[in-house]
Amino acid sequence: MPTITYRPVDVLHWFGMESRSSRRSGFHKGGQLAKKTSEQGVVQGLRLAASAAFDLTKSAAGDLVQAQAGQTEYVLHESGFEVIDLVRRIKIDYAQVQKIIAKNNDRFLVVADSSKVAIKPVAHLTAGQIRVPVGWVRNGMEVPYSTLVEELSARCTVEVTAE
């Protein structure tokens, strides 16, 4: 059985583009701070400083989301799987998985003998009232978000149960 790798679909580059835009805006506002404060007063300067800080914070948050999503990976081997993200790497044998629980908001909890692993979407796409989780790239081909959990369920020979 070949190794299967699931990675988030590449829609998250939009976080990076928005992050760069917020960073430019924050730096521009920061550069205007002294000029605006002397021209329009301290209150207006404080507003501009707060707006610049917000833009830079938004930029940093976007960078973090993109980095975390870019490092998220599920690797399915013949006898077990690995969960890899920005800060950890967990290996679990299929035989150790006791149950897979469907939770709210498209999340799943994989309960094994020695650990628990949460599977959650890296992002959701929203159009009007419809909200769907971003899918995966499975060995180079885009697949729906649920495919990973369905394949894990089959390999672990456990049913997905609702909570």
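Sequence positions, counted from 1, serve as the residue numbers for this chain.
- Considering only heavy atoms from C-beta on, R138 comes within 4.5 Å of I4 through its side chain.
- Proximity of a side-chain donor or acceptor of D93 to a complementary backbone N or O of Q96 within less than 3.5 Å is not detected.
- Put simply, the side chain of N139 gets close to the backbone of T5: a donor and an acceptor are under 3.5 Å apart.
- The main-chain N or O of H77 is found under 3.5 Å from a side-chain atom of R155 such that the two form a donor-acceptor pair.
- Residue L152 holds its CG atom at 5.0 Å from CG of L148, rounded to the nearest 0.5 Å.
- Residues V134 and I119 are members of separate hydrophobic clusters, defined by side-chain heavy-atom contacts under 4.5 angstrom among Ile, Leu, Val, Met, Phe, Trp and Tyr.
- Heavy atoms only, all atoms of each residue included: V137 and P8 are closest at CG2-O, 4.1 Å.
- Counting non-hydrogen atoms of other residues, nucleotides and ligands closer than 6.0 Å to CD of Q98 gives a total above 12.
- Under the 4.5 Å side-chain heavy-atom criterion for Ile, Leu, Val, Met, Phe, Trp and Tyr, V160 and Y74 are members of the same hydrophobic cluster.
- Residue V149 is not grouped with residue I101 when hydrophobic side chains (ILVMFWY) are merged at heavy-atom distances under 4.5 angstrom, including chains of intermediate members.
- Scanning both residues, V110 and F81, for their nearest heavy atoms gives CG1-CZ, 4.0 Å.
- Under the 4.5 Å side-chain heavy-atom criterion for grouping Ile, Leu, Val, Met, Phe, Trp and Tyr, V75 is not connected to V97 through any hydrophobic cluster.
- The closest donor-acceptor contact from the side chain of W136 to the backbone of V143 lies at 3.5 Å or more, if one exists at all.
- A distance-only check finds no donor-acceptor pair linking the side chain of Y6 to the backbone of L76 [under 3.5 Å].
- Rounding to the nearest 0.5 Å places OG1 of T72 at 9.0 Å from NZ of K120.
- Across K99, R107, K103, a single residue satisfies salt bridge (charged side-chain N to carboxylate O under 4.0 Å, His left out) together with E163, and that is K103.
- We find the CD1-CG distance between I90 and D85 to be 7.5 Å, quoted to the nearest 0.5 Å.
- Hydrophobic clustering, with ILVMFWY side chains joined whenever heavy atoms are under 4.5 angstrom apart, groups V9 together with I130.
- Between I100 and L109 the shortest side-chain heavy-atom distance does not fall below 4.5 Å.
- The line from CZ of F108 to CD of E150 is 8.5 Å long, rounded to the nearest 0.5 Å.
- For the pair H124 and V132, the minimum side-chain heavy-atom distance is 4.5 Å or more.
- Contact of the I92 side chain with the S115 side chain is registered, since non-hydrogen atoms from C-beta on lie closer than 4.5 Å.
- Judged by distance alone, the side chains of Y94 and E78 never bring a donor and an acceptor atom under 3.5 Å apart.
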